[in-house]
K.L.:
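Attaching a single structure in C-alpha cells format; questions to follow.
Given the structure is predicted, the values throughout are model-derived calculations rather than measurements.
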Amino acid sequence: MLKEKLVELKKAIAEKGFKDKNTAIITAGKDIEYQVIISVLDAIQSYKDDAGDIQPLFPQVNVGQVVI
C-alpha cells in the first residue's frame, strides 16, 4: 500500500516543477526496528510502470532520527 500511495504522489507532483521531486526524507524514533526502515527504503526507490518498466520513485533519500 505504501508504494501505491507514493506512486500516486509522484505522479501528482511530476509536472509541478519541484526541484527535489526525487527526494524523500525518512525519520524514525529509536523504537522503530531497523528492518522496518530498510523495508521503507526498498519501497521508495523505484516502481514498475504500466508497461512493466522500472521507474525511479524517490531514489534520493535522507535519513534522520527523531529524538524523543
K.L.:
Which atom names give the shortest non-hydrogen contact between Leu57 and Ile44, and what distance separates them?
P.N.:
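That closest heavy-atom pairing would be CB-O, 3.3 Å.
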K.L.:
Is there a chain of hydrophobic side chains (I, L, V, M, F, W, Y, each step under 4.5 Å between heavy atoms) that links Val36 to Tyr34?
P.N.:
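Yes, one cluster joins them.
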K.L.:
Out of curiosity, Gln45 CD to Asn22 CG, how far, rounded to the nearest 0.5 Å?
P.N.:
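Rounded to the nearest 0.5 Å, the CD-CG separation comes to 10.5 Å.
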K.L.:
Measuring from Ile37:CD1 to Thr27:OG1, what's the distance to the nearest 0.5 Å?
P.N.:
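Ile37 atom CD1 to Thr27 atom OG1 measures 9.5 Å (nearest 0.5 Å).
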K.L.:
Quick one: do Val7 and Phe18 end up in the same hydrophobic cluster if we chain Ile, Leu, Val, Met, Phe, Trp and Tyr together by side-chain heavy atoms under 4.5 Å apart?
P.N.:
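Yes, one cluster joins them.
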K.L.:
If you draw the axis of the six-membered ring of Phe58, does the NZ or CZ of Lys10 fall within 45° of it and under 6.0 Å from the ring centre?
P.N.:
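Yes, Lys10 lies over the aromatic ring of Phe58.
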K.L.:
Find the distance between CE (Met1) and CG (Leu6) and round it off to the nearest 0.5 Å.
P.N.:
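Answer rounded to 0.5 Å: 11.5 Å.
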K.L.:
Would a hydrophobic clustering, with Ile, Leu, Val, Met, Phe, Trp and Tyr connected at side-chain separations under 4.5 Å, put Ile25 with Ile13?
P.N.:
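Result: no, two separate clusters.
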K.L.:
Could you go through Ile26 and Asn62, starting from their C-alpha distance and side-chain angles, then the distance that decides it, and tell me whether this counts as side-chain contact (heavy atoms from CB on, under 4.5 Å)?
P.N.:
CA-CA 6 Å; Ile26 297 175; Asn62 296 322; over 6 Å; no
K.L.:
Does Lys3 NZ have over 12 foreign heavy atoms under 6.0 Å away?
P.N.:
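Above 12, so yes.
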K.L.:
With side chains defined as the heavy atoms from C-beta onward, is the minimum distance between Val61 and Thr23 less than 4.5 Å?
P.N.:
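They are not in contact (no side-chain heavy atoms under 4.5 Å apart), so the answer is no.
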K.L.:
side-chain hydrogen bond (donor to acceptor under 3.5 Å, both in side chains) with Asp49: which residues, sequence neighbours excluded?
P.N.:
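Asp49 satisfies side-chain hydrogen bond (donor to acceptor under 3.5 Å, both in side chains) with Gln55 once adjacent residues are dropped.
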